[in-house]
Amino acid sequence: MKFDKFTLKAQEAMATSQQKAMAQSHTILSPLHLLYALLEDNHGMPTLILNKIGSNPDRIRQMAESEMNRLPKGKTGGQMILPDSAFQQIILDAQNRADKMGDEYLSTEHFFLSLSDIPSDGKFHYRQPD
């Protein structure tokens, strides 16, 4: 994974994911952490997309946070929290999407698309517009 090929917003989402996991004493980095981080930015593309299709990004973020409270807690010894396999698969899928789209950088939109497709605890379901 080449962080220099991530947009600034994608780098921030990754950092926020890890910070959230550490703050809650989680032993793994889950797709829920990434979903939460993406939706914490009220002006970010994932939030704008959800608003556009008539979904409620704040509610989805709250649901992600509620589900995070059920994740295992423990001590990491001050070391970096390791991502679970689903998180790794989402990042790899996002990179593949960026490559297929001809995008030089991996962005939050790539993360968001991968979160919606890859089975994980962070897979979200949105309401289709009426």
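Minimum interatomic distance between Leu29 and Ser17 (heavy atoms only, all atoms of both residues): CD1-O, 3.5 Å. For the residue pair Ile60 and Ser55, the shortest heavy atom distance occurs at CD1-OG, 3.5 Å. Across every non-hydrogen atom of Tyr105 and His110, the tightest pair is O-CE1, 3.4 Å. Of all heavy-atom pairs spanning Ala13 and Thr108, the tightest one is CB-CG2, 4.5 Å.
Within the 4.5 Å cutoff, the side chain of Ile90 has no heavy atoms near those of the Pro83 side chain. Between Asp117 and Arg97, the closest side-chain pair of non-hydrogen atoms falls below 4.5 Å. Side-chain contact check for Leu39 versus Leu50: some heavy-atom pair is nearer than 4.5 Å. At least one side-chain heavy atom of Leu106 sits under 4.5 Å from a side-chain heavy atom of Phe111. Proximity of His33 to Ile81: side-chain heavy atoms (C-beta onward) are nowhere separated by under 4.5 Å. Counting only heavy atoms from C-beta outward, the side chains of Leu115 and Leu34 approach each other to under 4.5 Å.
Looking at residues two or more places apart in sequence or on another chain, you find a salt bridge (charged side-chain N to carboxylate O under 4.0 Å, His left out) between Asp58 and Arg61.
Interatomic distance, Met14 CE to Leu38 CG, rounded to the nearest 0.5 Å: 10.0 Å. Here Glu40 contributes atom CD and Glu12 contributes atom CD; the two are 11.0 Å apart, rounded to the nearest 0.5 Å. Rounding to the nearest 0.5 Å gives a distance of 10.5 Å between CD of Gln24 and OG of Ser30. Of the inter-residue distances, the one linking Glu109 atom CD with Thr7 atom OG1 reads 7.0 Å to the nearest 0.5 angstrom.
When only modelled atom types and interatomic distance are considered, Gln89 and Asp93 share no side-chain donor-acceptor pair under 3.5 Å.
Between the Thr47 side chain and the His43 main chain, no donor and acceptor come within less than 3.5 Å of each other. Side-chain N or O atoms of Ser114 include one that pairs as donor or acceptor with a backbone N or O of Ala94 at under 3.5 Å. Panel note: side chain His26, backbone Met68; a donor-acceptor pair is recorded below 3.5 Å.
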Residue pair Asn69, Glu65: steps toward the side chain to side chain donor-acceptor pair (under 3.5 Å) verdict: CA-CA 6 Å; Asn69 290 332; Glu65 186 164 33; over 6 Å; no

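Comment: Asp103 does not engage Lys5 in a salt bridge, judged by the lack of any side-chain N to carboxylate O separation of less than 4.0 angstrom.
Residue Lys73 places its NZ atom among more than 12 non-hydrogen atoms of other residues, nucleotides or ligands, all under 6.0 Å distant.
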